[in-house]
Amino acid sequence: MADSEDPIAPTDQEGAEKAETTPATKKTPSDFLRLVLGRPIRVKLNSGVEYRGVLACLDGFLNIAMEQTEEYNVDGQLRAKYGDCFIRGNNVLYISAQSKKR
C-alpha cells in the first residue's frame with residue numbers, strides 16, 4: 001500500500017460526497033431547537049438553577065421565552081412558578097427536551 005493511501009477513507013470521491021450529504025449527518029443544534037419549539041424543555045443555567053416549561057421562542061443569542069415555567073433551585077426543589085419567563089442567553093448552560101409528563 002502506498003503512503004498516500006488512507007485505509008479508512010473512501011476510495012472514490014463520489015462516495016465521500018454522498019456520505020457527507022446524508023440527511024442523518026446534517027443534524028444541527030438549530031434543527032433541535034426548531035423541533036422543540038412549542039414543547040416542554042428544561043433549561044439549566046450556569047448558576048445551577050433549572051427552569052422547566054414550554055419553549056415559546058428564542059433568538060440567535062439563545063435568549064429564551066418560556067410559558068408555564070417552573071423554577072427549581074440547585075437542589076432540585078420547586079422554588080417558583082411563572083406564567084411567562086425570559087432568560088438571557090449568556091446565562092444558559094444547556095437546553096434539554098423534556099417528556100410531556102412531569
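In this chain, residues are counted from 1 in sequence order.
Taken together through direct or relayed side-chain contacts under 4.5 Å among Ile, Leu, Val, Met, Phe, Trp and Tyr, Leu55 and Leu45 form part of one hydrophobic cluster. In this structure, Val54 is not a member of the same hydrophobic cluster as Val43, with clusters built from ILVMFWY side-chain heavy atoms closer than 4.5 Å.
Taking every heavy atom of both residues into account, Asn90 and Asn46 meet most closely at O-ND2, 3.3 Å. For Thr69 against Cys85, the heavy-atom pair with the smallest separation is OG1-CB, 3.4 Å. The minimum heavy-atom distance linking Val74 with Val49 is given by the pair CG1-N, 4.0 Å. In terms of heavy atoms, Ala97 sits closest to Phe32 at N-CZ, 3.7 Å.
Among residues two or more places apart in sequence or in another chain, the side chain to side chain contact (heavy atoms under 4.5 Å, CB included) test is passed with Asp59 by Phe61, Asn63.
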* Verdict with supporting geometry, Ile87 and Leu62, side chain to side chain contact (heavy atoms under 4.5 Å, CB included) -> CA-CA 9 Å; Ile87 301 172; Leu62 229 57; over 6 Å; no
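With rounding to the nearest 0.5 angstrom, the CZ atom of Arg42 is 6.0 Å from the CD atom of Gln98. How far OG of Ser96 is from CD1 of Ile41: 9.0 Å, rounded to the nearest 0.5 Å.
Evaluation of the side-chain hydrogen bond (donor to acceptor under 3.5 Å, both in side chains) test over residues 73-85, restricted to residues two or more places apart or in two chains, returns Glu71-Tyr82.
Through direct or indirect side-chain contacts shorter than 4.5 Å among Ile, Leu, Val, Met, Phe, Trp and Tyr, Tyr94 is connected to Leu93.
Residues Met66 and Tyr51 are in side-chain contact: their nearest non-hydrogen atoms beyond the backbone lie under 4.5 Å apart. The shortest distance between side-chain heavy atoms of Phe86 and Ile64 does not fall below 4.5 Å.
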